[in-house]
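Here is the structure we will look at, set down as C-alpha cells.
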Amino acid sequence: MTLAFPPGFLWGAATAAYQVEGAAQEDGRTPSIWDTFCRTPGRVLGGDTGDIAADHYHRYREDVRLMSGLRLGAYRFSVSWPRVQPTGRGPAVQRGLDFYRALVDELLTAGIQPVLTLYHWDLPQELESRFRGGSAAGGGWPERETAERFAEYAAIVAGALGDRVDFWTTLNEPWCSAFLGYASGVHAPGRTEPPAALRAAHHLNLAHGLGAQALRAALPARARIAISLNPAVVRPLTGSPGDLDAQRRIDALANRVFTGPLLRGAYPEDLIEDTRSITDWDFVHDGDLAVIKQPLDALGINYYTPSLVSAPAGDEPAVRQDSHGTGAHSPFPGAEQVAFHQPAGERTEMGWTVDPTGLHDLLMRYTREAPGVPLYITENGAAYDDKPDADGRVHDPERIDYLRSHLAAAHRALADGADLRGYFLWSLMDNFEWAYGYSKRFGAVYVDYPSQARIPKSSARWYARVAETGELPEA
Ligand code: GBH
C-alpha cells in the first residue's frame, strides 16, 4: 500500500553551518568553540576539523541545484554566528551576511523555502573565553550574558534576512549544547562541570526566549518562529520502581528541563529536587520564565534512536552507550548512576538502534504537550558505511529502509491526530559529524572529500520521488 501525506506537507533536508560550510577563515569569520575543540588533541576522531568540510560556502549554487534534483520544498540550514558577528557582540560583518543572503536568494529562485536556524552549536570562541579572566571556570552558555548576546545576534540576522526568510528557529538541540558541551564534555567546549551544564540549560532557554522576542520585533507578521529540540524517547528496562524512577530522572534532564519552561513556564519540581545537591537554581531570575514561554509557531523535533534505562545495578558503575563519543563523564547531572542499555534490534553505523516506533511516540507526546503547535520533524536520518561502487554509484538500501520506516511511523502519527507539517532528512549531504569527524556519513548525497564531488546516493533518488509525489511507495 502507498501512504499519502497531506497536500502541502513540506519535504526538506537539513545541514548545519559548521558541518558543511568550511571557509573557516574567510571573509572575517573568527573561530567558534568547535574550531577550538577540533584543535584540542583527542577531542575529534582523526583530528578532523570543519576548516573545509563540504566546502558549501563556495559550492552553495551547485548544492542548491542538488536540492532541486531532490525535489526539496525546503532547506534547513544554520547561520554561523562567528561569520556574522565575530566577537559575539557589536557590529555585524557584511560579507558574512551577504553569503546567507546569496544562499537564500538562490533557494528562492529554485522555489525552495529557506528554514533558518540561528544557532547550531558554533558559539563564537570570544564568548566562551571572554569571562575567563584567570578563572578556570570559563564563559559561554553557563553565563547569563551569552543569552543576551544571542538576542542581539538574532536581531542582526533578522534585520538582514527578514524580508526573504519566513521560517526561523532559534536553537538546534539545546540539550546537546548544555549537557554534551558542559557535562560530558564530548562536544565543544568540552567542559565537565555538572553545575555549569544546568546553568547552560537555563541560559539556552533564556536565549530562546530573548531571541524569539527579538525576532518577533524585527520580522514581518507572517514569519514563523520555532525551536528544534532532540527530545529523548526514554524507555525503562523493566516496570520495576527503580527502573521507572531512572526513566523519570532522565526524562527530566533530557526533555522537561526544556519543555517545562518553554511550554508551561516552569522548571519541573522533580528536576529541581533531583539536582538539589548540585545547584540551588539561583541563576533563574524573576521574570525569566515568562520570557522563555514565548508563543511557538512550530515545534521542531529531531529524532534518531530511543534510550533504554534502568536503576543502577548494585555497586557496578553505570554502563552508558554514549552516541557522541565515549566520554567518561555523564551528561546527566544528578542522575550519573542511571544505567543505559543498548536497545535490541538493527543498528546504524553510529551504533544507534533503528526504532521508528520512537518517532511515533514522540510525535504523539508533543501533540498532547504542545496542543495547537504545528510539529515538524526537523531532523531524522542514519549513518551507513557508504562507498561508491566500481561505476561510481552509491547504493544505500539500508538508508532507504530507515527513511521508509520512519516516514511510515510519521504517517501513523498523522493518522492518530498529530499536526505534523513537514519532514527534514538529516542530512542533505555527508558532512562533519562532530566528535566523529568525517568518519560517519549521514547524507542522501555522497561527498568525495578529496575532490568535493557530490554523488546522489540511491536514497536521494528514492527521497526525490517521495518529495515529488507526497507518497511513500510500496516497499
Ligand atoms: C543531531 O544530533 C545534530 O543536530 C546534527 O548536527 C548531527 O549531525 C546529527 O544529529 C547526527 O548525529 O546516547 O545519551 O547521547 C543528534 C544528537 C543523538 C543526542 C542521540 C542524543 C542519544 C542519547 N543526539 N543521542 S545519548
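Hydrogens, waters and symmetry mates play no part in the numbers below; they use all other heavy atoms, side chains included. As the structure lists them, so they are numbered: ligands from 1, and atoms in each ligand from 1.
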* Asked: With only distance considered, is Trp352 within less than 3.5 Å of ligand 1 through an N or O on each side?
  -> no

* To do: Kindly say whether the aromatic ring centers of Trp34 and His187 come within a distance under 6.0 Å.
  => yes

* **Straight-line distance of Asp55 CG to Tyr60 OH, nearest 0.5 Å** => 12.5 Å

* Give a yes-or-no answer on whether the side chains of Ser228 and Asn172 include a donor-acceptor pair shorter than 3.5 Å. => no

* Asked: Any N/O of Trp121 closer than 3.5 Å to an N/O of ligand 1?
  -> no

* Quick one: look at Leu180 and ligand 1, take heavy-atom pairs under 4.0 Å, and tell me if it's side chain, backbone, both or neither. => neither

* Gln25 atom CD, neighbour heavy-atom count above 12 within 6.0 Å -> no

* Measure centre to centre between the rings of Phe432 and Tyr18, then say whether the value is under 6.0 Å. => yes

* To do: Look only at interatomic distance and state if His120 has a nitrogen or oxygen under 3.5 Å from any nitrogen or oxygen of ligand 1.
  => yes

* Asked: Under 4.0 Å from ligand 1, counting heavy atoms only, is it the side chain of Asn172, its backbone, both or neither?
  -> side chain

* **Side chains of Asn205 and Tyr267, donor plus acceptor under 3.5 Å** => yes

* Structure fact -> A student comparing Lys440, His187, Glu433 should find that the heavy atom closest to atom 12 (O) of ligand 1 comes from Glu433

* Structure fact -> Note: heavy atom closest to atom 21 (C) of ligand 1, options Val309, Thr117, Asn230, belongs to Asn230

* What do we get for Glu379 next to ligand 1 when only non-hydrogen atoms under 4.0 Å count, side chain, backbone, both or neither? -> side chain

* Less than 4.0 Å between a side-chain N and a carboxylate O, is that true for Asp122 and Arg83? -> no

* Which of the numbered atoms in ligand 1 are below 4.0 angstrom from a heavy atom of Phe442? -> 11 (C), 12 (O)

* From the candidates Tyr303, Tyr18, Tyr304, the one that places a heavy atom nearest atom 10 (O) of ligand 1 -> Tyr304

* To do: Please lay out, stage by stage, how Trp121 and Trp81 fare under the test side chain to side chain contact (heavy atoms under 4.5 Å, CB included).
  => CA-CA 9 Å; Trp121 307 353; Trp81 188 348; over 6 Å; no

* To do: Decide whether an N or O pair under 3.5 Å exists between Trp434 and ligand 1.
  => yes

